[in-house]
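Just so you know, ligand 1 is whichever comes first in the structure, and atom 1 is the first atom listed for that ligand. The first residue in the sequence is number 1, and the count goes up from there. Just so we're clear, the structure is a prediction, and the values are computed from it rather than from any experiment.
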Amino acid sequence: MAALSGKVAVVTGGGSGIGRAIALRLAREGAKVAIGEINVDNGALVVDEIAATGGTAFSLATDVTQSTQVDTLFAETVKRFGTVDILVNNAGIGEMSPQAQERVRERMMKAMGGQRDSLGVTRDLSDADFKRMLEVHLFGNFYCIRAALRIMEEKRSGSIINMASVAGINGIPSAPHYGAAKAGIIGLTKSVAAEVGGAGIRVNAIAPGLIDTPMTAGIPAMGKQMLLMRVPLGREGTPDDIAGAAFFLASDDSAYVTGQVISPNGGLSL
Ligand code: NAI
């Protein structure tokens, strides 16, 4: 019998990159998968991919910054699949304006030539950009965790997996709002894990390093090369590298693991 046979998983942002790989992996391991996606077309494509391999899934247009839409996603999942056993809070954004990217690139080039200066990101960060980053990542995680716990606490079991980042552990000089949001997710993970462990619910975070997805496709080649020089395993991660960690945390193999941050990063943090 497949490891996740009979289980129901909600995966946010499951239409692309890491979320897509996680949705496909959990489905392959026997779980029924509900995808909450702001990009409806991509969500539908992944549902088709899962169906083509004999799995069961549906996708619902969901913006995780809207708590009513999140509640609808969970209600629809219970209606179709009966419950929720696994939540993967994966939806995320990593946007920096092209102007800010160019400015960071210029200052990095200067730093390599010995001219050190601030990267000048925070001083120009708008209220709206900072707020949006926290809304998608931190509030989005909160809304989904709250909806999941209303189901999981009743059945006294469940696994919640939140997508953090090495940026939330070490900081990230080019995107302080992203680093803050991801650090917040780690704090939320540990706090809720301590809160709900008594009800048999586990809460963990994954903090990926540099992973090859549409989100990172826009990082200038030089920036990627500089990062990769610090990766002992010598390559970018793949979405499947992260899906493996998510499967572990979703399955009973991690039955004694809670409040932890697992960081598949090729050794970037060493
Ligand atoms: P991606 O851009 O390929 O996928 C993100 C997905 O989230 C997209 O399908 C997008 O439509 C969806 N999404 C965005 N905003 C949403 C919203 N408000 N409501 C619902 N869905 C929304 O990006 P990737 O790389 O797969 O990222 C997935 C997660 O992994 C993110 O949380 C990201 O911060 C995190 N991460 C990624 C790393 C990387 O190197 N790619 C490294 C560390 C963390």
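At a 4.0 Å heavy-atom cut-off, ligand 1 touches T216 through the side chain alone. At a heavy-atom cutoff of 4.0 Å, ligand 1 is contacted by both the backbone and the side chain of I211. Contacts with ligand 1 closer than 4.0 Å are made by backbone heavy atoms (N, CA, C, O) of A164 only, the side chain lying farther away. Contacts between K182 and ligand 1 below 4.0 angstrom, taking non-hydrogen atoms only, involve the side chain exclusively.
In this structure, of N42, N39, I93, the residue bringing a heavy atom nearest to atom 15 (N) of ligand 1 is I93.
Between E37 and ligand 1, at least one pair of N/O atoms sits closer than 3.5 Å. Checked by distance only, ligand 1 and L210 stay at 3.5 Å or farther apart across all their nitrogen or oxygen atoms.
Taken from CZ in R123 to OG in S118, the straight-line distance is 7.0 Å, to the nearest 0.5 Å. With rounding to the nearest 0.5 Å, the separation of NZ in K7 from OG in S251 is 10.0 Å. Taken from CG in N90 to CZ in R20, the straight-line distance is 12.5 Å, to the nearest 0.5 Å.
Under a 4.5 Å side-chain heavy-atom criterion applied to ILVMFWY residues, the cluster that includes L249 comprises L4, V11, I18, I22, L24, L26, V33, I35, V46, V47, I50, I86, V88, I161, M163, I206, I211, I242, F247, F248, V257, I262 as well.
For atom 26 (O) of ligand 1, the nearest protein heavy atom (residue, atom name, distance) is I18 N, 2.8 Å. With hydrogens left out, the protein atom closest to atom 23 (O) of ligand 1 is M215 CB, 3.3 Å, a heavy atom. Counting only heavy atoms of the protein, atom 14 (C) of ligand 1 lies nearest to G92 O, 3.5 Å.
Of all the atoms in ligand 1, the ones that sit under 4.0 Å from a non-hydrogen atom of G13 are 6 (C), 7 (O), 9 (O), 12 (C). Proximity to P208 (heavy-atom distance under 4.0 Å) selects the following atoms of ligand 1: 42 (C), 43 (C), 44 (C). Those atoms of ligand 1 with a heavy atom of T62 less than 4.0 angstrom away are 19 (N), 20 (C). In the vicinity of D63, heavy-atom distances shorter than 4.0 Å reach the ligand 1 atoms 17 (C), 18 (N), 19 (N). Close contacts of ligand 1 with H137, meaning ligand atoms under 4.0 Å from a residue heavy atom, involve 34 (O).
The shortest heavy-atom distance from G209 to ligand 1 is under 4.0 Å. For the pair G94 and ligand 1, no heavy-atom separation below 4.0 Å is found.
R28 places no side-chain N or O within 3.5 Å of a backbone atom of A23 that could act as its donor or acceptor partner.
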Applying side-chain contact (heavy atoms from CB on, under 4.5 Å) to T62 and T12, what does each step give before you reach the verdict? CA-CA 8 Å; T62 310; T12 66; over 6 Å; no
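Shown here is K131, whose NZ atom has no more than 12 heavy atoms of other residues, nucleotides or ligands within 6.0 Å.
Using modelled atom types and a 3.5 Å distance limit, the side chains of T65 and D63 yield a donor-acceptor pair.
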